[in-house]
Amino acid sequence: LFVLVAGLAFPLVLVGTLTVAWSRTSATRYAPIARLKRYGDPLQVVQAIELDLSSSVAARVGPLWFSPTWMVSLDSGVRIYKLSEIVAAGYVTKADTSKPATHGVRLWTAGEDLSDTLWMSEKETPAVLTEPDSKRPGIVTDDSQVFDKRWIPDREGCEREASARPSVKRTA
């Protein structure tokens, strides 16, 4: 009786397993791609980002790729940011007694409760900060620790200030 039940259940279990495995291969289930849903179909947004990055005005600065609209990190995992949604960016360091200091860029993004930090070399960090500042003046904050303390209790106020900031008109 057990063999008979197992023989009948095996094809159903096999079909279910293959269906779940096939659905897991979808790129839209990958977290950085899934976050792009708010801009439309994630796969179409990825294609638009690729097209934007392949344009002549796109540039690679340190570990990041910049286009007129997007900032993309591919070095340590995929991270995609829409420049118009970055509220602030700041220089941060992480000191460790046994190792040299680590340098990075901290980003505060509209709609996100927590900041995101991209770690890179000391030489790359100032260059990376100049690129978004050239596209959105005033985006770089002088004191990231103070901004971080302000961000947590008053994220909406920080976002309002950022939206009131003047933006640079596109030339290309």
Side-chain angles (χ1 to χ4, degrees), residues 22-94 102-144 147-148 150-152 154-172:
W22 181 257
S23 70
R24 292 280 180 181
T25 61
S26 173
T28 57
R29 296 181 64 85
Y30 184 52
I33 306 292
R35 280 190 215 117
L36 300 174
K37 274 186 179 176
R38 61 182 164 188
Y39 308 116
D41 178 33
L43 297 179
Q44 290 178 350
V45 174
V46 167
Q47 288 176 344
I49 293 169
E50 288 175 347
L51 185 65
D52 213 20
L53 289 173
S54 67
S55 71
S56 61
V57 292
R60 182 176 172 119
V61 181
L64 302 173
W65 287 92
F66 288 92
S67 76
T69 313
W70 300 94
M71 181 173 83
V72 179
S73 171
L74 301 173
D75 286 352
S76 58
V78 177
R79 296 185 187 176
I80 303 169
Y81 305 96
K82 191 167 188 176
L83 286 173
S84 63
E85 291 188 357
I86 296 176
V87 175
Y91 183 89
V92 292
T93 58
K94 181 170 59 172
T102 308
H103 303 270
V105 173
R106 182 159 295 152
L107 301 169
W108 293 272
T109 311
E112 299 289 330
D113 290 334
L114 300 174
S115 61
D116 197 8
T117 305
L118 304 170
W119 300 105
M120 57 197 74
S121 73
E122 184 177 6
K123 290 179 185 177
E124 293 171 329
T125 307
V128 166
L129 283 172
T130 59
E131 190 66 26
D133 197 44
S134 69
K135 294 179 181 354
R136 295 193 60 218
I139 197 172
V140 176
T141 180
D142 295 332
D143 194 347
S144 58
F147 191 86
D148 203 26
R150 187 174 155 226
W151 178 259
I152 293 169
D154 190 23
R155 179 179 59 88
E156 292 168 350
C158 294
E159 290 177 13
R160 276 192 303 276
E161 285 179 20
S163 64
R165 218 181 285 142
S167 61
V168 174
K169 292 189 188 281
R170 262 198 204 175
T171 57

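Note that these values count all heavy atoms, side chains included, but never hydrogens, waters or copies made by symmetry.
Closest heavy-atom contact between Ser144 and Gly90: CB-CA, 4.1 Å. The nearest pair of heavy atoms linking His103 to Glu122 is CD2-CB, 3.4 Å. Taking every heavy atom of both residues into account, Arg38 and Ala110 meet most closely at NH1-O, 4.1 Å. Nearest heavy atoms, Val105 versus Ala89: CG1-CB, 4.4 Å. Closest of all the heavy-atom pairs between Pro32 and Ile80 is O-CD1, 4.4 Å. Closest approach of Pro68 to Lys135, counting heavy atoms only: CA-CE, 4.1 Å.
For the pair Glu159 (side chain) and Val87 (backbone), a donor-acceptor distance under 3.5 Å is absent. Within the 3.5 Å criterion, the main-chain N or O of Gly62 finds a donor-acceptor partner in the side chain of Arg60. A donor-acceptor pair under 3.5 Å is formed between the side chain of Ser121 and the backbone N or O of Glu124. Judged by distance alone, the side chain of Ser67 and the main-chain N or O of Trp70 form a donor-acceptor pair under 3.5 Å. Counting only distance, with no hydrogens or angles, the side chain of Ser73 and the backbone of Arg79 share no donor-acceptor pair below 3.5 Å. A side-chain donor-acceptor contact under 3.5 Å links Arg136 to the backbone of Ile86. Side-chain N or O atoms of Ser55 include none that pairs as donor or acceptor with a backbone N or O of Leu51 at under 3.5 Å.
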(message) Apply side chain to side chain donor-acceptor pair (under 3.5 Å) to residues Tyr81 and Asp116 and explain how you reach the verdict.
(response) CA-CA 10 Å; Tyr81 305 96; Asp116 197 8; 2.2 Å; yes
(message) Checking Thr117 against Arg106 for the side chain to side chain donor-acceptor pair (under 3.5 Å) test, could you report, in this order, the C-alpha distance in whole Å, the side-chain angles of both residues, the deciding distance, and whether it holds?
(response) CA-CA 4 Å; Thr117 305; Arg106 182 159 295 152; 2.9 Å; yes
(request) Take Arg150 and Glu161 through the test salt bridge (Lys or Arg N to Asp or Glu O under 4.0 Å) and record every step on the way to the result. (result) CA-CA 12 Å; Arg150 187 174 155 226; Glu161 285 179 20; 2.4 Å; yes
(message) Using side chain to side chain contact (heavy atoms under 4.5 Å, CB included), reason through Val78 and Tyr30 one step at a time and then give a plain yes or no.
(response) CA-CA 10 Å; Val78 177; Tyr30 184 52; 4.0 Å; yes
(message) Between Asp142 and Tyr91, is the side chain to side chain contact (heavy atoms under 4.5 Å, CB included) condition met? List the steps.
(response) CA-CA 8 Å; Asp142 295 332; Tyr91 183 89; over 6 Å; no
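You'll find the ring centres of Phe147 and Trp108 inside the 6.0 Å limit.
In this structure, Leu74 CG and Leu64 CG are separated by 9.0 Å, a value rounded to the nearest 0.5 Å. In this structure, CD in Gln47 is found 8.5 Å from CG in Asp41, a value given to the nearest 0.5 Å. Between the CG atom of Leu129 and the OG atom of Ser134 there is a distance of 11.0 Å, given to the nearest 0.5 Å. A distance of 10.5 Å separates CH2 in Trp65 from OG in Ser54, rounded to the nearest 0.5 Å. To the nearest 0.5 Å, the span separating CD on Glu50 from CG on Asp52 amounts to 11.0 Å. The distance from atom CG of Leu43 to atom CG of Leu36, rounded to the nearest 0.5 Å, is 9.5 Å.
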